[in-house]
**Student:** 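Starting off with a structure, shown below.
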There are 2 protein chains.
Amino acid sequence: MNRVLFRDWQSVRDEVLRRIHARDWKPGELIPNEADLAIEFGCARTTMNRALRSVAETGLLDRRRKAGTRVAVQPVAKATLDIAVMRLEVEDRGQNYSYQLISRSLVVPPDEISQVMKSHTDEKLLHVHALHLADDKPYALEDRWLNLRVVPDARTQSFQTVSANEWLLRNTPYTHGEIEFSATAATPTTASLLACSDQSALFTIDRLTWDKQNDVTKVQLLFAPGHKLQPRL
Amino acid sequence: MNRVLFRDWQSVRDEVLRRIHARDWKPGELIPNEADLAIEFGCARTTMNRALRSVAETGLLDRRRKAGTRVAVQPVAKATLDIAVMRLEVEDRGQNYSYQLISRSLVVPPDEISQVMKSHTDEKLLHVHALHLADDKPYALEDRWLNLRVVPDARTQSFQTVSANEWLLRNTPYTHGEIEFSATAATPTTASLLACSDQSALFTIDRLTWDKQNDVTKVQLLFAPGHKLQPRL
DNA sequence: CAGTGGTCTAGACCACAGG
DNA sequence: CTGTGGTCTAGACCACTGG
């Protein structure tokens, strides 16, 4: 047997990937167990485990106790994407970031919002509307609702220079969140703010963030036409 | 000191998360090193490392050799999403999946495609156009280009019952891929196929997959209006 | 029941980068 | 130069689950 030694878990992982892509180990096939592979690869089982685990995390392997490790039949691609602060996102593109507050008001939200945010039907929420720009061209429109019961400090924030996006990230404790991607048609209002034509298809992100029992904030981001989001595979 | 013992890396991780969310450890702050924390938590350094690493992977901690571990100032949310085969995606929603081939032809692609797929300008590619349905309603439109030099077996596949989507996953070796999300306005043609109105905003996925030097396939998926994609945070 | 992956431990060496 | 995280190792116990 042509035995090569593998130094670290990354090189073990690479060899595992090679065998999968080369169809050495075919889809659906059971591969040897950790202990045996560790011997073959000349490393500790811990190292073998780390390598196999990392491959399994990408969806290419399916591991189950007692059943062993199989090459996935329908590899489910796991894409990861970084959702940073808008400012960093723009600056990472090498563009100049700027920000404009459109409106800031304390109002009783429409039913659809108060339901989602579980606020009392007559409770006022802070509504912030703002535009993010890249190289002075509209980049994304932010429409945000804030629960002042949970984030009382927001009451004294004007959000004129620091976006709610950025301020919240620095000042709010949160435990969980939900995020959703979709496509939305521009309305006459949003179109004029984003300097695009009415009915343009806009890439949309909806986020809902909460802390323990309480919803903190709900935000919708409408990106200017042409925006693309590229996850790492 | 009120010392609690932590059994496994998950509970260590949870306590670390608690301290971050509770602002025990504030954004930007340097936290103790692994060795010290391991003592405090009453576990091995290896275990502490595993816990801290898993938190760092979510973007909440920033770790650097010698510099130590800091709570991230601008937590970059890492969202992960599973991109499965269309059929499984629909079935997971508890809907009935079906599939219709619209067209299949061997043609010289327009320039924009041949450029992206690095095929020779006069080389024919397999063009497959199909509709995925959920509960007999249009779900997504698939527009795919296949390089027969790389996937010769596709020449004999009719793609009438098995979608190219699914067939490729089972039969193609690939090493890398790119994926992109965006929003596209429906054209008269796509609108009629998806049974929606012209200019509807469609959630769009573009994928390019290759094996070593050769591009295997390029696909665009246009989802019916209202489609949402929800990553795990 | 028994085989498999999941994890913990103590100790060690090393690569990297801050000071 | 030195502190920090990154990793490897051997050995051990355990949880889960397939047969």
Side-chain angles (χ1 to χ4, degrees), chain A residues 3-17 19-20 25-73 75-76 78 80, chain B residues 3-17 19-20 25-73 75-76 78 80:
Chain A
R3 182 168 309 176
V4 186
L5 285 185
F6 296 90
R7 270 169 240 299
D8 45 30
W9 70 270
Q10 289 95 335
S11 60
V12 173
R13 178 203 55 199
D14 291 347
E15 170 62 12
V16 168
L17 287 174
R19 292 185 185 187
I20 295 173
W25 290 336
K26 301 184 181 54
E29 197 174 307
L30 194 62
I31 75 174
N33 69 34
E34 282 188 352
D36 291 347
L37 282 174
I39 295 169
E40 184 194 335
F41 280 77
C43 67
R45 182 163 81 93
T46 319
T47 306
M48 200 65 223
N49 178 281
R50 176 93 189 253
L52 291 174
R53 177 161 35 93
S54 83
V55 176
E57 276 165 6
T58 72
L60 255 60
L61 287 177
D62 194 18
R63 320 194 71 195
R64 282 154 65 190
R65 284 164 152 134
K66 168 78 181 182
T69 302
R70 288 177 183 283
V71 178
V73 181
V76 174
K78 313 269 189 200
T80 10
Chain B
R3 183 167 308 177
V4 186
L5 285 185
F6 296 91
R7 269 169 240 300
D8 45 28
W9 70 269
Q10 289 93 336
S11 59
V12 173
R13 178 203 55 199
D14 290 348
E15 169 63 10
V16 169
L17 287 174
R19 293 186 185 185
I20 295 173
W25 289 336
K26 301 183 181 57
E29 197 173 309
L30 194 62
I31 74 174
N33 69 33
E34 282 188 353
D36 290 347
L37 283 174
I39 295 169
E40 184 193 335
F41 280 79
C43 66
R45 182 163 82 94
T46 320
T47 305
M48 200 64 224
N49 178 283
R50 176 95 189 250
L52 291 174
R53 176 161 37 92
S54 83
V55 175
E57 275 164 6
T58 71
L60 254 61
L61 286 178
D62 192 18
R63 321 193 71 196
R64 282 154 66 189
R65 283 166 152 131
K66 171 74 181 184
T69 301
R70 289 178 182 282
V71 177
V73 179
V76 174
K78 313 273 188 196
T80 6

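Chain identifiers are assigned alphabetically (A, B, ...) following the order of the sequence lines, protein sequences preceding nucleic acid strands; residue numbering begins at 1 within each chain.
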**Student:** With respect to the side chain of A/Asn33, which nucleotide from C/dG5, C/dA10, D/dG18 is positioned closest?
**Tutor:** C/dG5
**Student:** Which nucleotide in the list C/dG5, D/dT2, D/dT9 gets nearest to the side chain of B/Lys66?
**Tutor:** D/dT2
**Student:** Under 4.0 Å from OP1 or OP2 of C/dG5: is there any side-chain N or O of A/Thr69 that close?
**Tutor:** yes
**Student:** If you only use heavy atoms from C-beta on, which nucleotide in D/dT4, C/dG5, C/dG18 is closest to the side chain of B/Arg65?
**Tutor:** D/dT4
**Student:** Please pick, from C/dT7, D/dT9, D/dG6, the nucleotide with the shortest atom-to-atom distance to any side-chain atom of B/Asp8.
**Tutor:** C/dT7
**Student:** Test your reading of the model: is there a side-chain donor-acceptor pair from B/Arg70 to the backbone of B/Gly28, 3.5 Å cut-off?
**Tutor:** yes
**Student:** Using 4.0 Å as the upper bound for N to carboxylate O, is an ion pair formed by A/Glu34 and A/Arg63?
**Tutor:** yes
**Student:** At what distance, to the nearest 0.5 angstrom, does CG of A/Leu37 lie from CG of A/Asn49?
**Tutor:** 11.5 Å
**Student:** Counting side-chain heavy atoms from C-beta on, which of D/dC8, C/dG3, C/dG5 comes nearest to A/Asn49?
**Tutor:** C/dG5
**Student:** Using whole Å, report how far CE of A/Met48 lies from P of D/dT7.
**Tutor:** 16 Å
**Student:** Any side-chain N or O of B/Arg64 below 4.0 angstrom from OP1/OP2 of C/dG18?
**Tutor:** yes
**Student:** Measuring to OP1 and OP2 of D/dT7, would you say a side-chain N or O of A/Gln10 lies under 4.0 angstrom away?
**Tutor:** yes
**Student:** Could you tell me how far apart A/Glu34 (CD) and D/dA12 (C1') are, to the nearest whole angstrom?
**Tutor:** 15 Å
**Student:** In whole angstrom, what separates A/Asp62's CG from D/dC16's P?
**Tutor:** 18 Å
**Student:** Nearest-Å distance, CG (B/Leu61) to P (D/dT4)?
**Tutor:** 16 Å
**Student:** Assign each of A/Trp9 and A/Ala67 to its nearest nucleotide of DNA chain D by heavy atoms, then name whichever residue's nucleotide is nearer the 5' end.
**Tutor:** A/Trp9
**Student:** Step through the shown structure and confirm whether more than 12 heavy atoms of other residues, nucleotides or ligands are within 6.0 Å of CZ on A/Arg64.
**Tutor:** no
**Student:** Roughly, in whole Å, what's the span from CG in B/Asp36 to P in D/dG3?
**Tutor:** 12 Å
**Student:** Using whole Å, report how far CZ of A/Phe41 lies from P of D/dT9.
**Tutor:** 13 Å
**Student:** Show your working on side chain to side chain contact (heavy atoms under 4.5 Å, CB included) between A/Leu52 and A/Ile31 and close with a plain yes or no.
**Tutor:** CA-CA 11 Å; A/Leu52 291 174; A/Ile31 75 174; 4.2 Å; yes
**Student:** Think B/Thr47 has a side-chain N or O under 4.0 angstrom from the OP1 or OP2 of C/dT9?
**Tutor:** yes
**Student:** Less than 4.0 angstrom between a side-chain N/O of B/Arg63 and OP1 or OP2 of D/dG6, yes or no?
**Tutor:** yes
**Student:** What's A/Arg45 touching, base or sugar-phosphate or nothing? Going by heavy atoms closer than 4.0 Å.
**Tutor:** base
**Student:** Quickly work out the B/Ile31 CD1 to D/dG5 C1' distance and round it to whole Å.
**Tutor:** 12 Å
**Student:** Check this one for me: any side-chain N or O of B/Arg50 less than 4.0 Å away from OP1 or OP2 of C/dT7?
**Tutor:** yes
**Student:** Checking B/Ser11 against B/Asp14: is there a side-chain donor and acceptor pair closer than 3.5 Å?
**Tutor:** no
**Student:** May I have the distance from B/Arg53 (atom CZ) to D/dT4 (atom C1'), rounded to whole angstrom?
**Tutor:** 16 Å
